[in-house]
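Here is the structure we will look at, set down as structure tokens.
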Amino acid sequence: MRRRIIRLWVYFKRAHNVYFVYALSFFNFITITYTLLLIPLFHFPRDPLYFAGYAVVFGICYTVICIVIGRWDYRKGTVPTEVELSTRVNPWVRDISSAMILLCEGRREEAIAHLKKWTKE
């Protein structure tokens, strides 16, 4: 029962963090920028049609800019360094790598010993 509750909690967090919070924060960001930036500074009307137009234009521009920056970050930004560092400190990856080296050297029993702690056997 405990495992089932934990699994449901994990499913809840995943959907909440990835889908609902993203959509809510995006809508919130559009609303705040329109209300606190465009209305006072540029005297935009409080008309829902203007807001809808702003939301569409902002959404398209913001999405394109985020895709360009995200692509750059994955290729030349911080992602390659983050992946390298997280791989080096990840104990599971270290054990897999060590086991592969041991297997290549013909030391099968030592490789099995490295990987036993990751199974429930």
Side-chain angles (χ1 to χ4, degrees):
M1 182 66 175
R2 180 177 181 266
R3 227 171 129 70
R4 182 173 170 85
I5 291 172
I6 291 172
R7 184 176 298 218
L8 291 173
W9 175 246
V10 169
Y11 294 156
F12 168 79
K13 287 191 318 182
R14 172 79 179 169
H16 176 71
N17 290 335
V18 173
Y19 299 105
F20 292 116
V21 170
Y22 172 76
L24 183 63
S25 68
F26 191 66
F27 180 74
N28 192 26
F29 188 64
I30 290 171
T31 305
I32 289 170
T33 56
Y34 186 81
T35 307
L36 297 178
L37 183 68
L38 294 182
I39 291 175
L41 292 179
F42 300 108
H43 306 291
F44 270 47
R46 292 182 183 267
D47 186 359
L49 286 176
Y50 278 90
F51 177 74
Y54 171 72
V56 168
V57 170
F58 180 85
I60 291 170
C61 293
Y62 188 76
T63 302
V64 170
I65 290 170
C66 286
I67 289 170
V68 169
I69 292 172
R71 184 174 186 270
W72 171 83
D73 191 37
Y74 264 91
R75 294 179 181 252
K76 297 182 181 185
T78 61
V79 172
T81 304
E82 287 177 21
V83 169
E84 178 189 346
L85 290 175
S86 66
T87 303
R88 286 177 189 244
V89 299
N90 186 328
W92 183 78
V93 172
R94 280 197 320 241
D95 283 348
I96 290 284
S97 300
S98 297
M100 289 176 61
I101 291 169
L102 291 169
L103 283 172
C104 290
E105 293 174 347
R107 296 161 42 190
R108 185 175 182 270
E109 296 303 320
E110 290 178 63
I112 291 172
H114 263 79
L115 300 177
K116 277 282 190 192
K117 67 181 172 186
W118 297 105
T119 64
K120 292 191 178 211
E121 295 175 7

Can Leu85 and Val89 be said to form a side-chain contact (heavy atoms from CB on, under 4.5 Å), step by step? CA-CA 6 Å; Leu85 290 175; Val89 299; 5.9 Å; no

Start with the C-alpha distance between Leu103 and Arg108, add both sets of side-chain angles, then the distance that settles side-chain contact (heavy atoms from CB on, under 4.5 Å), and finish with yes or no. CA-CA 5 Å; Leu103 283 172; Arg108 185 175 182 270; 4.2 Å; yes

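No path of Ile, Leu, Val, Met, Phe, Trp and Tyr side chains, each step under 4.5 Å between heavy atoms, connects Val56 with Phe42, placing them in separate hydrophobic clusters. Note: the hydrophobic cluster containing Ile69 does not contain Val79 (ILVMFWY, side chain heavy atoms under 4.5 Å, direct or indirect links). Hydrophobic cluster membership differs between Val68 and Trp72, with clusters built from Ile, Leu, Val, Met, Phe, Trp and Tyr side chains linked at under 4.5 angstrom. Under the 4.5 Å side-chain heavy-atom criterion for grouping Ile, Leu, Val, Met, Phe, Trp and Tyr, Val21 is not connected to Leu24 through any hydrophobic cluster.
In this structure, the ring of Tyr50 has its center no less than 6.0 angstrom from the ring center of Tyr34. For Tyr54 and Phe44, the ring centers are positioned 6.0 Å apart or more.
Within 6.0 Å of CZ in Arg94 there are more than 12 heavy atoms belonging to other residues, nucleotides or ligands. Atom CH2 of Trp92 has 12 or fewer heavy atoms from other residues, nucleotides or ligands within 6.0 Å.
The aromatic rings of Phe58 and Phe26 sit tilted relative to each other, their planes meeting at an angle between 30° and 60°.
Under the side chain to side chain contact (heavy atoms under 4.5 Å, CB included) test applied with Ile67, the options Ile65, Val64, Thr63 reduce to a single match, Thr63.
The distance from atom CD of Glu110 to atom CD1 of Ile112, rounded to the nearest 0.5 Å, is 11.0 Å. Residue Glu84 holds its CD atom at 8.0 Å from OG1 of Thr87, rounded to the nearest 0.5 Å. The line from CZ of Phe51 to OG1 of Thr31 is 3.5 Å long, rounded to the nearest 0.5 Å. Considering CG of Leu37 and CD1 of Ile32, their distance stands at 11.5 Å, rounded to 0.5 Å. Separating the NZ atom in Lys117 from the CG atom in Leu115 is a distance of 9.0 Å, to the nearest 0.5 Å. One distance of note links CZ of Arg4 with CZ of Arg7; it measures 9.0 Å at 0.5 Å rounding.
Nearest heavy-atom pair across Arg46 and Ile39 is CG-CD1, 3.8 Å. The shortest non-hydrogen separation linking Ala111 to Ala99 is CB-O, 3.6 Å.
Using a 3.5 Å distance cut-off with no hydrogens or angles, the side chains of Glu82 and Ser86 do not pair a donor with an acceptor.
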